[in-house]
Amino acid sequence: MEEENQTTKGKYAADISSIKEAHTRIKSLVLKTPVLSSTSLNAISGRELYFKCECFQKGGAFKFRGACNAVFSLEDGDASKGVITHSSGNHAAALALAAKLRGIPAYIVIPKNAPTCKVENVKRYGGQVIWSEASMRSREEIANKVRQETGAILIHPYNDGRILSGQGTISLELLEQAPQIDTLVVPISGGGLISGVALAAKSINPAIRIFAAEPKGADDAAQSKAAGRIITLPETNTIADGLRAFLGDSTWPVVRDLVEDIITVEDSEIIKAMKLCFEILKVVVEPSGAIGLAAVLSDTFQKNPAWKDCKHIGIVVSGGNVDLGMLWDSLNK
């Protein structure tokens with residue numbers, strides 16, 4: 001056992017001890033989100049499904065866990081200058097809220113193509129919005145400029161051990177709420193969520209199987225897994241606005257080593273899964289939050305004989321910040 005600890009300890013940007021520390025640090029601030037199940041969805045999928053509803057988290061998404069852990073682990077002197085990030089979505093609102101709770105400023109660089117509902121969340125939580133172009137280069141350049149002017153601490157949306165540790169607290173809750181789970185299906189973008197979830201889950205139950213769910217129009221993680229190195233795409237095209245980022249050097253090693261496979265799905269499958277979440281689970285989910293269900297219902301998953309024994313599946317419903325105007329348009333297409 002001693003030896004096994006050595007292999008994971010220090011090998012990745014987070015581990016079970018940093019995740020447990022995060023849990024202690026943030027548990028009075030974050031919500032312990034419910035786990036929902038549905039006999040109808042079990043029948044449709046042929047499995048027992050357990051939905052970890054991070055759409056009910058403060059800020060409407062799991063991102064508040066990581067942001068909270070990062071903000072509340074800062075020394076007072078550093079924290080007083082504030083925090084900064086660049087994000088098109090849920091991390092932006094999460095960081096603004098965490099900073100507000102700590103009483104420090106939050107500077108949020110947001111690309112002009114970000115969903116309106118997510119920008120409104122940032123403003124609602126008192127974040128200072130600074131606009132950038134849609135490209136990652138523009139986002140990073142503007143963030144660096146503001147950081148130099150203010151001395152604020154950069155909190156990256158996913159490529160940060162503090163963020164991974166915060167997101168990993170989901171597994172601590174979920175595997176206590178539904179210990180029978182033998183498989184986890186988690187959305188993947190930059191990999192912060194799945195890395196934290198995988199590190200914690202594998203530590204609790206080494207036999208647990210972990211799958212990522214990814215849009216076909218942004219399948220960089222699937223390509224990275226196939227190539228054995230980080231692949232980035234010249235552009236992404238998916239309704240899942242939360243799943244357009246690329247893996248980082250803190251998240252890729254975990255995805256490479258601990259994620260069994262990456263299931264890619266079409267946008268039409270994501271929209272169908274969203275509809276099921278609305279109609280059957282009665283839960284408002286954004287496209288990125290519905291992709292886990294889409295993956296489990298996909299032919300890729302259903303028809304693979306190697307995955308027949310994945311019977312009790314935990315699905316992380318990552319967020320519920322859906323731009324309703326966009327949703328109506330996509331449903332009517």
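Note that the coordinates shown come from a computational prediction; the quantities given were computed from them, not determined experimentally.
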Trainee: Say whether, by atom type as modelled, one donor and one acceptor occur between the side chain of Thr169 and the main chain of Ser165 under 3.5 angstrom.
Mentor: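 Side chain of Thr169 to backbone of Ser165, a donor-acceptor pair under 3.5 Å: no, none is there.
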Trainee: Between Lys32 and Glu173, does a salt bridge (Lys or Arg N to Asp or Glu O under 4.0 Å) hold up when you go through it step by step?
Mentor: CA-CA 7 Å; Lys32 182 174 180 177; Glu173 292 177 8; over 6 Å; no
Trainee: Contact between Lys52 and Phe62 at the side-chain level, heavy atoms closer than 4.5 Å - yes or no?
Mentor: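 Sidechains of Phe62 and Lys52: no contact.
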Trainee: Please check this pair: side chain of Thr251 against backbone of Leu247, looking for a donor-acceptor N/O pair closer than 3.5 Å.
Mentor: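 Checking the backbone N and O of Leu247 against the side chain of Thr251, no donor-acceptor pair under 3.5 Å is found.
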Trainee: Would you call Lys282 and Leu36 a side-chain contact if the rule is heavy atoms closer than 4.5 Å?
Mentor: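 Not in contact.
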Trainee: Is it true that a side-chain atom of Lys272 and a backbone atom of Asp267 form a donor plus acceptor pair closer than 3.5 Å?
Mentor: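 No.
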Trainee: Assess whether side-chain contact (heavy atoms from CB on, under 4.5 Å) is satisfied between Phe72 and Leu101, documenting all intermediate values.
Mentor: CA-CA 9 Å; Phe72 281 87; Leu101 292 176; 4.0 Å; yes
Trainee: State, with a plain yes or no, whether a side-chain heavy atom of Thr183 is found less than 4.5 Å away from one of Trp307.
Mentor: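 Counting from C-beta outward, Thr183 and Trp307 never come under 4.5 Å.
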Trainee: Between His156 and Ile163, is the side-chain contact (heavy atoms from CB on, under 4.5 Å) condition met? List the steps.
Mentor: CA-CA 8 Å; His156 193 277; Ile163 296 285; 6.0 Å; no
Trainee: Would you call Ser298 and Glu269 a side-chain contact if the rule is heavy atoms closer than 4.5 Å?
Mentor: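 Result yes, sub-4.5 Å side-chain heavy-atom pair found.
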Trainee: Between Ile181 and Asn205, is there a side-chain heavy-atom distance shorter than 4.5 Å?
Mentor: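 Heavy-atom side-chain distance check fails, nothing below 4.5 Å.
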Trainee: Where is the tightest heavy-atom contact between Ala152 and Arg147, given as atom of each residue plus distance?
Mentor: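 Heavy atoms only, the tightest pair is O-CG, 3.1 Å.
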Trainee: Is a side-chain donor or acceptor of Lys63 paired with a backbone partner of Gly319 at a separation under 3.5 angstrom?
Mentor: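 Side chain of Lys63 to backbone of Gly319, a donor-acceptor pair under 3.5 Å: no, none is there.
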Trainee: Should the heavy atoms of other residues, nucleotides or ligands under 6.0 Å from NZ of Lys145 be counted, would the total exceed 12?
Mentor: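 Not buried by this count: 12 neighbours or fewer within 6.0 Å.
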Trainee: Stepwise, does the salt bridge (Lys or Arg N to Asp or Glu O under 4.0 Å) test hold for Lys112 with Glu133?
Mentor: CA-CA 6 Å; Lys112 289 173 180 164; Glu133 296 305 318; 2.8 Å; yes
Trainee: To the nearest 0.5 Å, what is the distance between OG (Ser37) and CD1 (Ile315)?
Mentor: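 Between Ser37 OG and Ile315 CD1, I get 11.0 Å after rounding to 0.5 Å.
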Trainee: Does one hydrophobic cluster hold both Leu258 and Tyr158, with members joined at side-chain heavy-atom distances below 4.5 Å?
Mentor: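 Not linked; separate clusters.
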Trainee: Under a 3.5 Å distance rule, please check whether Arg47 uses its side chain to pair with a backbone N or O of Val296 as donor and acceptor.
Mentor: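 Answer holds: no.
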Trainee: Within this structure, what is the CG-CD distance for the pair Leu172 and Gln177, rounded to the nearest 0.5 Å?
Mentor: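 The CD atom of Gln177 is 10.5 Å from CG of Leu172, to the nearest 0.5 Å.
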Trainee: To the closest 0.5 Å, what do you measure between CD (Glu286) and CD1 (Ile239)?
Mentor: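 Taking CD in Glu286 and CD1 in Ile239, the distance rounds to 11.0 Å.
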Trainee: Is the CD atom of Glu149 crowded by more than 12 outside heavy atoms at less than 6.0 Å?
Mentor: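 Yes.
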Trainee: Got a second to check how far Trp131's CH2 is from Arg139's CZ, nearest 0.5 Å?
Mentor: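 Trp131 CH2 to Arg139 CZ: 12.5 Å, rounded to 0.5 Å.
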Trainee: Under a single-linkage definition using a 4.5 Å side-chain heavy-atom cutoff for Ile, Leu, Val, Met, Phe, Trp and Tyr, are Ile204 and Ile208 assigned to the same hydrophobic cluster?
Mentor: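 They do share one cluster, since a chain of ILVMFWY contacts under 4.5 Å joins Ile204 to Ile208.
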Trainee: Closest approach of Val255 and Ser195, non-hydrogen atoms and distance?
Mentor: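 That would be CG2-OG, 4.2 Å.
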Trainee: Got more than 12 heavy atoms from elsewhere within 6.0 Å of CD, Glu176?
Mentor: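 Result for CD/Glu176: open.
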Trainee: Mark yes or no for whether Asn321, through its side chain, and Gly59, through its backbone, hold a donor-acceptor pair below 3.5 Å.
Mentor: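 The answer is yes, because a donor-acceptor pair under 3.5 Å joins these two groups.
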Trainee: Begin with the C-alpha distance, continue with both residues' side-chain angles, and end with the deciding distance and a verdict on side chain to side chain donor-acceptor pair (under 3.5 Å) for Thr33 and Glu54.
Mentor: CA-CA 6 Å; Thr33 52; Glu54 286 295 295; 2.5 Å; yes
Trainee: So, Arg162 versus Asn69: side-chain donor-acceptor pair below 3.5 Å or not?
Mentor: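 No pair is found: no donor N or O on one side chain lies under 3.5 Å from an acceptor on the other.
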Trainee: Assess whether salt bridge (Lys or Arg N to Asp or Glu O under 4.0 Å) is satisfied between Lys225 and Asp219, documenting all intermediate values.
Mentor: CA-CA 10 Å; Lys225 193 94 168 129; Asp219 68 345; over 6 Å; no
Trainee: Between His91 and Thr85, does any side-chain donor sit less than 3.5 Å from a side-chain acceptor?
Mentor: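 Result is yes, a qualifying pair exists.
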Trainee: Locate the shortest heavy-atom distance separating Tyr125 from Ala93; write the atom from each residue and the value.
Mentor: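 Closest approach of Tyr125 to Ala93, heavy atoms only: CD1-O, 3.5 Å.
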Trainee: Among Asn237, Thr236, Thr238, find the residue that satisfies the side-chain contact (heavy atoms from CB on, under 4.5 Å) test when tested with Pro215.
Mentor: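 With Pro215 as partner, Asn237, Thr236, Thr238 yield a single side-chain contact (heavy atoms from CB on, under 4.5 Å), made by Thr238.
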Trainee: For residues Phe64 and Leu31, determine if any side-chain heavy atom of one lies less than 4.5 Å from a side-chain heavy atom of the other.
Mentor: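 Answer no - side chains too far apart.
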Trainee: How close do Ile194 and Ala212 get, counting heavy atoms only, and between which atoms?
Mentor: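 Closest heavy-atom pair between Ile194 and Ala212: CD1-CB, 3.5 Å.
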Trainee: Kindly give the heavy-atom pair with the smallest separation between Asp220 and Ser189, and that separation in Å.
Mentor: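 Minimum heavy-atom separation between Asp220 and Ser189: OD2-O, 4.3 Å.
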Trainee: Given the rule in the side-chain contact (heavy atoms from CB on, under 4.5 Å) test, do Glu214 and Leu243 qualify, once you have shown the distances and angles that lead to the verdict?
Mentor: CA-CA 7 Å; Glu214 186 172 50; Leu243 302 180; over 6 Å; no
Trainee: Are Tyr107 and Ile155 in one and the same hydrophobic cluster, where Ile, Leu, Val, Met, Phe, Trp and Tyr link if side-chain heavy atoms are under 4.5 Å apart?
Mentor: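 The answer is no; the residues belong to distinct hydrophobic clusters.
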Trainee: Checking Ile210 against Lys202 for the side-chain contact (heavy atoms from CB on, under 4.5 Å) test, could you report, in this order, the C-alpha distance in whole Å, the side-chain angles of both residues, the deciding distance, and whether it holds?
Mentor: CA-CA 9 Å; Ile210 295 166; Lys202 285 280 191 186; 3.9 Å; yes
Trainee: Restricting to non-hydrogen atoms, name the atom on Asp249 and the atom on Ile230 that form the minimum distance, rounded to 0.1 Å.
Mentor: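 In terms of heavy atoms, the two residues are closest at N-CD1, 4.3 Å.
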Trainee: Are the side chains of Leu49 and Leu293 in contact, using a 4.5 Å heavy-atom criterion?
Mentor: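 They are in contact (side-chain heavy atoms under 4.5 Å apart), so the answer is yes.
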Trainee: When clusters are formed by joining ILVMFWY residues with side-chain heavy atoms under 4.5 Å apart, either directly or through shared neighbours, do Val30 and Leu193 land in the same one?
Mentor: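 Val30 does not cluster with Leu193.
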Trainee: Using a 4.5 Å cut-off on heavy atoms from C-beta on, say whether the side chain of Ile280 contacts that of Ile44.
Mentor: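 Heavy-atom side-chain distance check passes, below 4.5 Å.
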Trainee: Using the rule that two of Ile, Leu, Val, Met, Phe, Trp, Tyr join whenever any of their side-chain heavy atoms come within less than 4.5 Å, decide whether Val185 and Phe51 are in one cluster.
Mentor: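 Yes; Phe51 is reachable from Val185 via cluster members.
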Trainee: Can you establish whether the number of heavy atoms outside Glu75 located under 6.0 Å from its atom CD is more than 12?
Mentor: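 Not more than 12 within 6.0 Å, no.
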Trainee: Quick check against the 3.5 Å criterion: does Asp323 have a side-chain atom that pairs as donor or acceptor with the backbone of Thr116?
Mentor: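 It does hold such a pair.
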Trainee: Pick out which of Val285, Leu41, Leu281, Ile271 makes a side-chain contact (heavy atoms from CB on, under 4.5 Å) with Leu276.
Mentor: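 Exactly one option meets the side-chain contact (heavy atoms from CB on, under 4.5 Å) with Leu276, and it is Leu41.
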Trainee: Give a yes or no on whether the backbone of Gly161 and the side-chain of Ser250 come within a donor-acceptor separation of less than 3.5 Å.
Mentor: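 Checked: no pair found.
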Trainee: Do the side chain of Arg102 and the main chain of Val71 share a donor and acceptor less than 3.5 angstrom apart?
Mentor: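 The answer is yes, because a donor-acceptor pair under 3.5 Å joins these two groups.
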Trainee: Rounded to the nearest 0.5 Å, what separates atom CD in Glu140 from atom OG in Ser132?
Mentor: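 Rounded to the nearest 0.5 Å, the CD-OG separation comes to 10.0 Å.
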Trainee: When rounded to the nearest 0.5 angstrom, what is the spacing between CG in Leu199 and CG in Leu164?
Mentor: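 Rounded to the nearest 0.5 Å, the CG-CG separation comes to 6.5 Å.
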